[in-house]
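Encoded as structure tokens, the structure appears first; notes follow it.
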Amino acid sequence: QVQLVESGGGVVQPGGSLRRSCAASGSIFRLNVMGWYRQAPEKQRELVATITSGGSANYADSVKGRVTISRENDKNTVFLQMNSLKPEDTAVYYCNLAQFGINSWGKGTLVTVSS
């Protein structure tokens, strides 16, 4: 079993910044991918960013240049730094860990970008 505990989230004004963190625990193989996905109302869950245990990052085009994903492997923790936030970034953000084709998910936290 893998548990993912998220922190951060909340309400931020357009143009503002937000930093999320997610700590994984349980049965975690050293080779894995951690990341963040989001789901806006009436839309499918979509990729925000992922990062491998080797440090290779991947970003959705919609957030590229505004978002930085990082991780601390010894703590199995992933971070998401979000800058220049836009109203369209409003969504529930979910932490994810993938290993051996198995996905584990955090509970999700709402991020609202509004003036």
Side-chain angles (χ1 to χ4, degrees):
Q1 280 281 342
V2 174
Q3 297 80 43
L4 299 173
V5 179
E6 305 172 6
S7 64
V11 180
V12 63
Q13 292 186 340
S17 298
L18 198 64
R19 184 172 175 84
R20 305 290 312 279
S21 65
C22 174
S25 62
S27 183
I28 302 171
F29 187 59
R30 62 188 299 166
L31 301 180
N32 60 70
V33 180
M34 298 187 72
W36 297 89
Y37 293 72
R38 68 186 182 186
Q39 187 167 22
E42 300 181 349
K43 292 187 177 181
Q44 296 287 101
R45 187 174 300 184
E46 65 179 3
L47 167 76
V48 178
T50 61
I51 185 168
T52 70
S53 50
S56 180
N58 181 55
Y59 298 94
D61 288 341
S62 59
V63 303
K64 195 171 298 181
R66 301 186 296 118
V67 166
T68 301
I69 189 169
S70 60
R71 63 185 292 167
E72 296 180 0
N73 288 347
D74 58 345
K75 298 181 179 180
N76 290 315
T77 300
V78 64
F79 304 91
L80 188 72
Q81 177 67 46
M82 307 176 67
N83 302 319
S84 301
L85 285 164
K86 305 174 180 179
E88 50 262 45
D89 294 318
T90 296
V92 176
Y93 285 71
Y94 297 87
C95 180
N96 169 265
L97 183 147
Q99 56 184 355
F100 301 110
I102 301 173
N103 284 285
S104 300
W105 297 93
K107 295 187 180 298
T109 303
L110 178 65
V111 172
T112 301
V113 184
S114 176
S115 60

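Owing to the predicted nature of the structure, the values given are computational and were not obtained by experimental measurement. Residues take their numbers from the sequence shown, with the count starting at 1.
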Could I get the full list of side chain to side chain donor-acceptor pair (under 3.5 Å) partners for S17, not counting sequence neighbours?
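S17 satisfies side chain to side chain donor-acceptor pair (under 3.5 Å) with N83 only.
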Min side-chain heavy-atom separation V12-M82 under 4.5 Å:
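No, their side chains stay 4.5 Å or more apart.
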Apply the hydrophobic cluster definition, ILVMFWY joined by side-chain contacts under 4.5 Å directly or through others, and give me every member besides I102.
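Its cluster partners, ordered by chain and number, are none at all.
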If you group Ile, Leu, Val, Met, Phe, Trp and Tyr whenever their side-chain heavy atoms sit less than 4.5 Å apart, what else falls in with V5?
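Once heavy-atom contacts under 4.5 Å are chained together, V5 still belongs with nothing else.
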Do you reckon [X] sits in the same ILVMFWY cluster as [Y], going by side-chain contacts under 4.5 Å, direct or chained?
X	Y	value
L80	V92	no
V78	V2	yes
Y37	V111	no
V63	I69	yes

Which residues pass the side chain to side chain contact (heavy atoms under 4.5 Å, CB included) test with A40, not counting sequence neighbours?
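With sequence neighbours excluded, A40 shows a side chain to side chain contact (heavy atoms under 4.5 Å, CB included) to K43, A91, given in chain and number order.
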Tell me whether E6 contacts the main-chain N or O of G108 through its side chain, where contact means a donor paired with an acceptor under 3.5 Å.
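Yes, E6 side chain to G108 backbone: donor-acceptor pair under 3.5 Å.
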Looking at S114 and T112, would you say the former's side chain and the latter's main chain have a donor-acceptor pair under 3.5 Å?
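Such a contact is absent between S114 side chain and T112 backbone.
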Are the charged groups of D89 and K86 less than 4.0 angstrom apart, N to O?
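Here D89 does not pair with K86 in a salt bridge, since their nearest N and O are not under 4.0 Å apart.
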E88 atom CD, over 12 foreign heavy atoms within 6.0 Å
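For E88, atom CD is crowded (more than 12 foreign heavy atoms under 6.0 Å).
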So, for P14 and S115, which heavy atoms are closest and what is the spacing to 0.1 Å?
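The pair with the smallest heavy-atom distance is CD-N, 3.6 Å.
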How long is the straight-line distance from [atom2] of [Y] back to [atom1] of [X], given to the nearest 0.5 Å?
X	Y	atom1	atom2	result
W36	S21	CH2	OG	6.5 Å
T77	L4	OG1	CG	10.0 Å
N76	Q3	CG	CD	11.5 Å

Under the side chain to side chain donor-acceptor pair (under 3.5 Å) rule, what pairs show up with a residue in residues 90-108, not counting sequence neighbours?
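Every side chain to side chain donor-acceptor pair (under 3.5 Å) pair that includes a residue of residues 90-108, provided the two are not neighbours, is R38-Y93, N96-N103.
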Without placing hydrogens or testing angles, list every side-chain donor-acceptor pair under 3.5 Å for residues 27-35, not counting sequence neighbours.
{"residue": "N32", "atom": "OD1", "partner": "R71", "partner atom": "NH1", "Å": "3.2"}
{"residue": "N32", "atom": "OD1", "partner": "R71", "partner atom": "NH2", "Å": "2.8"}
{"residue": "N32", "atom": "ND2", "partner": "F29", "partner atom": "O", "Å": "2.7"}

